[in-house]
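Because the structure is a prediction, the values reported are computed rather than measured.
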Amino acid sequence: VNTKALKTPNISSHTLVDLVGLNRYSSVGKTLLTMFGLAERKPIPLYQTVKGQIVEEFATQYLEELYGGRYNIESFTLEQFPRFNQFPDQVPFSGALDKLIHGDTKLPVEIKSKEMKDHKRIAIDRNYPKDQVIQGANQAYMYGAEKFMMLYGFLSPEISNILKQLTENDLWIWGK
């Protein structure tokens, strides 16, 4: 349909999860309306953004320690790509890798920040959330990789509470 009333859909890894019905906070219908510009997109809560940024910093340190400089680890942000898309040739799909390990083969890394209450289920029992595995697999597919790494960072209840208080009360200042 070619009309100014509808915007061209853009399917990120998060949107893909919504479209297959794995987002408990959104319906497939709401996702479709949002994709075509017929419903407003809800902003990501500042707490979630800050939590993710902190975990990504620790993930970088962890990967550097784990691989001891044997591999180059490249980091990405949506902002570094035109239209926030590292994969412009994959229309209507879009997104950006969190990290990419350059070794014998290139390995995309999907990083997730979680609360400590999820540690046993994910890290010990290896019960990985389907929605997050789909996100990682989708990013790897768009990059052209056969495998990918999921890396989880778990925040203690104390740290989570501090971050919530800082972000809810506008006490957080994030510099570039």
Side-chain angles (χ1 to χ4, degrees), residues 6-60 62-63 71-103 105-115 118-119 121-123 125-155 163 167 174:
L6 297 175
K7 75 176 204 178
T8 304
N10 189 18
I11 305 172
S12 67
S13 294
H14 293 282
T15 306
L16 181 62
V17 166
D18 296 354
L19 288 172
V20 296
L22 289 177
N23 183 346
R24 62 183 175 178
Y25 302 108
S26 182
S27 68
V28 174
K30 174 77 172 176
T31 299
L32 286 169
L33 291 173
T34 303
M35 284 175 50
F36 285 100
L38 299 171
E40 262 188 64
R41 184 178 306 271
K42 288 184 182 176
I44 298 171
L46 182 58
Y47 167 72
Q48 294 297 335
T49 301
V50 171
K51 181 173 80 164
Q53 290 170 330
I54 290 171
V55 167
E56 285 210 22
E57 289 296 323
F58 281 103
T60 299
Y62 174 75
L63 289 170
Y71 302 111
N72 179 31
I73 301 166
E74 191 173 2
S75 298
F76 303 99
T77 64
L78 284 173
E79 291 79 18
Q80 77 187 81
F81 301 105
R83 301 190 69 205
F84 308 110
N85 187 7
Q86 186 176 4
F87 309 106
D89 297 335
Q90 302 286 347
V91 172
F93 296 94
S94 69
L97 301 176
D98 289 333
K99 304 228 178 278
L100 182 65
I101 299 174
H102 296 268
T105 61
K106 293 184 179 180
L107 184 67
V109 180
E110 181 70 13
I111 300 168
K112 295 295 177 189
S113 59
K114 302 299 283 181
E115 306 296 329
D118 297 317
H119 182 265
R121 177 176 53 86
I122 295 171
D125 299 340
R126 296 180 179 210
N127 185 1
Y128 306 110
K130 285 182 186 176
D131 61 327
Q132 295 170 356
V133 172
I134 286 173
Q135 288 176 2
N138 182 59
Q139 296 286 11
Y141 177 79
M142 287 197 299
Y143 182 76
E146 293 182 18
K147 296 179 181 182
F148 66 97
M149 176 190 290
M150 293 290 297
L151 187 57
Y152 288 92
F154 298 93
L155 274 68
L163 285 179
T167 56
W174 190 262

Participant: Examine distances only and state if a side-chain atom of Asp98 and a backbone atom of Ile111 form a donor-acceptor pair shorter than 3.5 Å.
Facilitator: yes
Participant: Could you pull out the closest heavy-atom pair between Val133 and Phe148, with the gap in Å?
Facilitator: O-CZ, 3.7 Å
Participant: Do Phe154 and Ile122 have side-chain heavy atoms sitting under 4.5 Å apart?
Facilitator: yes
Participant: Hey, does Val91 have a side-chain heavy atom less than 4.5 Å from the side chain of Thr8?
Facilitator: no
Participant: Give, for atom OG of Ser12 and atom CG of Asp18, the distance between the pair rounded to the nearest 0.5 Å.
Facilitator: 7.5 Å
Participant: Do Leu151 and Lys99 have side chains that get closer than 4.5 Å, going by heavy atoms?
Facilitator: no
Participant: Heavy-atom distance under 4.5 Å between the side chains of Tyr143 and Leu100, does that happen here?
Facilitator: yes
Participant: Go through the structure and list residues passing salt bridge (Lys or Arg N to Asp or Glu O under 4.0 Å) with Glu115, not counting sequence neighbours.
Facilitator: Lys51
Participant: How close do Thr15 and Ile11 get, heavy atom to heavy atom, and via which atoms?
Facilitator: CB-CA, 4.1 Å
Participant: Any heavy-atom pair between the side chains of Asn23 and Thr31 that's under 4.5 Å?
Facilitator: no
Participant: What's the shortest heavy-atom distance between Val55 and Ser113, and which atoms?
Facilitator: CG2-CB, 3.4 Å
Participant: What I'd like to find out is whether the side chain of Leu19 reaches to under 4.5 Å of the side chain of Leu32, using heavy atoms alone.
Facilitator: yes
Participant: Nearest heavy-atom pair of Gln86 and Ala96: which atoms, and what distance?
Facilitator: OE1-CA, 3.3 Å
Participant: In Å, rounded to the nearest 0.5 Å, how long is the span from CG of Leu63 to OH of Tyr71?
Facilitator: 12.0 Å
Participant: In this structure, which one of Gln132, Lys130, Arg126 forms a side chain to side chain contact (heavy atoms under 4.5 Å, CB included) with Tyr128?
Facilitator: Arg126
Participant: Which residues pass the salt bridge (Lys or Arg N to Asp or Glu O under 4.0 Å) test with Glu110, sequence neighbours left out?
Facilitator: Lys112
Participant: Going from CG on Asp118 to CG on Asp125, what distance comes out if it is rounded to the nearest 0.5 angstrom?
Facilitator: 11.5 Å
Participant: Go through the structure and list residues passing side chain to side chain contact (heavy atoms under 4.5 Å, CB included) with Val17, not counting sequence neighbours.
Facilitator: Leu22, Asp131, Ile134, Gln135
Participant: Locate the shortest heavy-atom distance separating Ala39 from Lys30; write the atom from each residue and the value.
Facilitator: CB-NZ, 4.0 Å
Participant: Are any non-hydrogen side-chain atoms of Leu97 and Phe87 less than 4.5 angstrom apart?
Facilitator: yes
Participant: Test Gln80 against Phe76 for side chain to side chain contact (heavy atoms under 4.5 Å, CB included), laying out the working first.
Facilitator: CA-CA 7 Å; Gln80 77 187 81; Phe76 303 99; 3.9 Å; yes
Participant: Side chain to side chain contact (heavy atoms under 4.5 Å, CB included), that's the test. Do Thr105 and Lys147 meet it? Break it down for me.
Facilitator: CA-CA 10 Å; Thr105 61; Lys147 296 179 181 182; over 6 Å; no
Participant: Measure the shortest side-chain to side-chain distance between Lys42 and Tyr25 over non-hydrogen atoms and say whether it is less than 4.5 angstrom.
Facilitator: no
Participant: What heavy-atom pair brings Tyr152 and Pro129 nearest, and what distance separates the two atoms?
Facilitator: OH-CD, 3.5 Å
Participant: Please test Val109 against Ile101 for side chain to side chain contact (heavy atoms under 4.5 Å, CB included), starting from the C-alpha separation and ending with a verdict.
Facilitator: CA-CA 7 Å; Val109 180; Ile101 299 174; 3.7 Å; yes
Participant: More than 12 heavy atoms of other residues, nucleotides or ligands under 6.0 Å from NE2 of His119: yes or no?
Facilitator: yes
Participant: Using the rule given for side chain to side chain contact (heavy atoms under 4.5 Å, CB included), can you reason through Ile54 versus Leu163, listing the C-alpha separation, both sets of side-chain angles and the distance that settles it, and then say yes or no?
Facilitator: CA-CA 10 Å; Ile54 290 171; Leu163 285 179; 3.7 Å; yes
